[in-house]
Amino acid sequence: MYDPHAVQDRWLPVWDRLDLNRAGVRAGAEKKYVVDMFSYPSGDLHMGHAEAFGIGDVIARYWMRRGYDVLHPVGWDSFGLPAENAAIKRGENPAAWTYANIDIQAEAFKRYGVSFDWSSRLHTSDPEYYRWTQWLFLRFRERGLAYRKKSAVNWCPQDQTVLANEQVVGGRCERCGAEVTRRELTQWYFKITDYADRLLDDMQQLEGSWPSKVLLMQKNWIGRSKGAHVDFDVSGRTVTVFTTRPDTLYGATFFVVAADAALADELCAPEQRAAFDTYREQVRKLSDIDRQSTDREKTGVDLGVTATNPLTGEQMPVYAADYVLADYGTGAIMAVPAHDQRDLDFALRFGLPVRVVVETGEPDPAVSGVATTGDGVLVNSGPYDGLRKTAAIERVVADLEQRGGGKGAINYRLRDWLLSRQRFWGAPIPVVHCPACGEVAVPDDQLPVRLPSDMKGEELQPKGQSPLASNRTWVEVPCPSCGGPAERDTDTMDTFVDSSWYFLRYCSPHYEDGPFDPEAVRQWMPAAQYVGGVEHAILHLLYSRFFTKVLKDMGLVDFDEPFTALLNQGQVILDGSAMSKSKGNMVQLGDELASYGVDAVRLTMLFAGPPEDDVDWADVSPTGSVKYLARVLRLATDVAELSGPARDAAVDKVVAKTVDECTRLVEGHRLNVAIARFMELTSALRKAVDAGAAGPASLRDGVEALATMLSCYAPYAAEEVWSRLGHDVDSGDSVHASLWPSAAPALLVDETVTCVVQVAGKVRERLEVSPDIAEDELRALALASEGVVRALAGAGIRTVVVRAPKLVNVVPA
RNA sequence: GCCCCCGUAGCCCAACUGGCAGCGGCAGGCGACUUAAAAUCGCCACAGGUGUGGGUUCGAGUCCCACCGGGGGCACCA
């Protein structure tokens, strides 16, 4: 009889006492740092946590069993909006809700058997933590990497705060789904664009150990394009455009400026003023979602001025249009309708000329309506006629650089990271605004700038500016520089700032002389394994990489990349779709744990499929897992009764092979397949016991090996097995202190292997041969074999393929 | 629209560098134990060939091309 709850209740307190997961205590052992993306304390743990932390736990425990000194820390990403919204609703301070939830989750993590080192525990909303978030902000600012600027920003009307580009998904707020609007505001930014090249180029180091999908997403997000800046003269003023196709300069027939850019306003001729103002109003009313919809008809307005082509001197009309983006490139383009679809659409709509300058062999765009973008030979391009595209690009850029009027340039899609938020529950930006001194950093020795602890409920209601602004006693401070009356910056930092360095803090969570102890970081970082959801493919992972690179430039760390390997676990879904409260298809983790126990739920998650794949809870069988664990426990009980030193070679062999294979499987994160091997081993040992239990010593060793391997997946049941085998867990002889079994190489080689002999690809014979049989010998053996002779039936032989010792393929003439 | 990943049994999924398609489980069937049932144990692969059609190869689930289906990312990025 297997009672999972009794087993849990027995071992959890013992483990608490034994404190087996503490890092840094295995003297001389090689270090491994396994990080799970930390949790947001939104409530109790759910199925997604069970999946993600289950995977991380197998990896961490595996390395512990292999004898490494493993750091597997725990923490909470505890600043953020939900706490604030809950506080407003309940008339509380966000801290109350946050820390209550953290306690709930902490208990749940312990019960779930996650091998955390609890001494590493941190919360980003603790002043001891955000002190250093603020400190880092100031260091970034000193390096010119944190700055304020006024520009059109994404504004979420629901959450009443600005959002980073990365937090706008399909024109909507990533958090609440509200349609994002634009506002002109002065905000703080991190200059992540300075690191665009390194963020891109260093991905080489991650190739193979990060999912290629994530690398690709980051690459696309950074969006490096190579091209040129070209200067056009517009009414005596130089206006630069970015183009990836300088070779098509002779094909430019008009010029477009983003309608919402200041430039359009400045260039507009008086006689077009009225038309332009009307158009601009129209554009501003459009939401981003409407604006970005793909097959919208092109709109625009003539600005009544002309631009001069720097190569040809040709005059071309200048338009304002909303298909040109104000914040990409220079906000202005040269339009080449023959070779760019958007320009062509615009030209056809406004009756502008279409001039082919690259002959690609495709139909005339003016007639077909399809721009030609491929390679070809230049025409209608004066001195460049006859050149191919690539050569022409080089020549045009060289000529522009020599004569003035342009130069080669790289442009990025990536924008600077907007980090200020008009919300309460975050790290205050440690800056004071002084009427006399301007922007003044809060001195390091005055950090942290603490959040007021007495604000609650209605006072936190967002009103378009930070709730902190209304707290005058908090806002009004003497200027750190001149001592005169000044005001604190009332914005708080994006919570992604907090999470961009927590993995560094984990290495020395109580360090007081800096954000982290450089020596501790040198020992543990970069993290050997990072585990978390793919929803952070861009946001968190890009930001963390950026932080790491800045810290390297500051001399605080000596590596470029924070996470050597990344594993993205799948989601837990139900009946093919994501669980959600609104759909009413939630599976409650608590219910599952109550029904099947921790081990069975963990095993079920991990057995369902590869860790990267989604787990459909409708397709899996926690009951099956319970049955399996019960089987293992019965086996342990039966084997425990056996005694004697006799061994059984067949059992030893099965155990060795399973161990060998499982080692490779877990190492390669093929966690589900390893469970299949555990099951096979369990059946094999069961059969051996039922057959009369020859070799009790072998059986005992087999069950011990199984317990150790299983301990990574089903920690409670494994401990129970270990205990039944006679280990004194209470005195510290825990399965979680045991070492991963090793497989004697001698047991892994077979005396004979089965060689498959094919004739014309069909299996005609099987031969038992020595594993190191020579090719010639095997060929002769195969050709002489009865099955082959029969299959050939006297036909000649064209060729014989021999792959000793496993296969021979005889190809008849 | 562009880019990426995935299609193996009723279902979830295995198959090392191309080399016997099926390891493990769910569901199902048969049997043992039982007065009976549950639990337990044992046994059974059902696809005429790995979504479809081509190609490369002695040999393709695996490599290449096209298409179909599912999932994901980006989306007026000049």
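Below, chain A is the first sequence line, B the second, and so on; all start at residue 1.
- In the set B:C74, B:C76, B:A78, the nucleotide with an atom closest to the side chain of A:Ile538 is B:C74.
- Closest to the side chain of A:Leu216, out of B:A14, B:C20, B:C4, is B:C4.
- The salt bridge (charged side-chain N to carboxylate O under 4.0 Å, His left out) test applied to A:Arg803 returns no partner, not counting sequence neighbours.
- Using a 4.0 Å heavy-atom distance criterion, A:Val620 is classed as making no nucleic acid contact.
- Counting any heavy atom pair closer than 4.0 Å across all strands shown, A:Lys762 reaches no nucleic acid atom.
- Here A:Ser225 reaches the OP1 or OP2 of B:A78: one of its side-chain N or O atoms lies under 4.0 Å away.
- Comparing B:C13, B:G42, B:A78 by their nearest atom to the side chain of A:Asp613 picks out B:C13.
- A:Arg415 comes within contact range of at least one nucleobase, with a heavy-atom separation under 4.0 Å.
- Contact annotation: A:Asn411 side-chain N/O to B:A78 OP1/OP2 distance is not under 4.0 Å.
- Residue A:Phe242 has its side chain nearest to B:A78 when only B:C41, B:C13, B:A78 are considered.
- With C1' as the reference atom, B:A45 and B:C65 are 34 Å apart, rounded to whole Å.
- One interatomic measurement links the two molecules: CE of A:Met709 to C1' of B:G24, which rounds to 14 Å at whole-angstrom precision.
- Which of B:A78, B:U40, B:C76 sits closest to the side chain of A:Asp322 comes down to B:C76.
- With B:A78, B:C74, B:A14 as the choices, the nucleotide that has an atom nearest any side-chain atom of A:Trp221 turns out to be B:C74.
- When rounded to the nearest whole Å, the span between CZ of A:Phe607 and P of B:G25 equals 7 Å.
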List, with names and distances, any nitrogen or oxygen atoms from the protein found under 3.5 Å away from nitrogen or oxygen atoms belonging to nucleotides 55-62 of chain B.
from	atom 1	to	atom 2	distance (Å)
B:C58	O2	A:Asn809	ND2	2.5

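- Below the 3.5 angstrom threshold, one finds no donor paired with an acceptor across the side chain of A:Lys806 and the base of B:C20.
- A:Arg677 comes within 4.0 angstrom of a nucleotide base, judged by non-hydrogen atoms across all strands.
- Residue side chain A:Arg413 does not reach the base of B:C74 through any donor-acceptor N/O pair under 3.5 Å, judged by distance alone.
- Among the atoms of the strands shown, only primed sugar atoms or phosphate atoms (P, OP1, OP2) are found under 4.0 Å from some heavy atom of A:Lys213.
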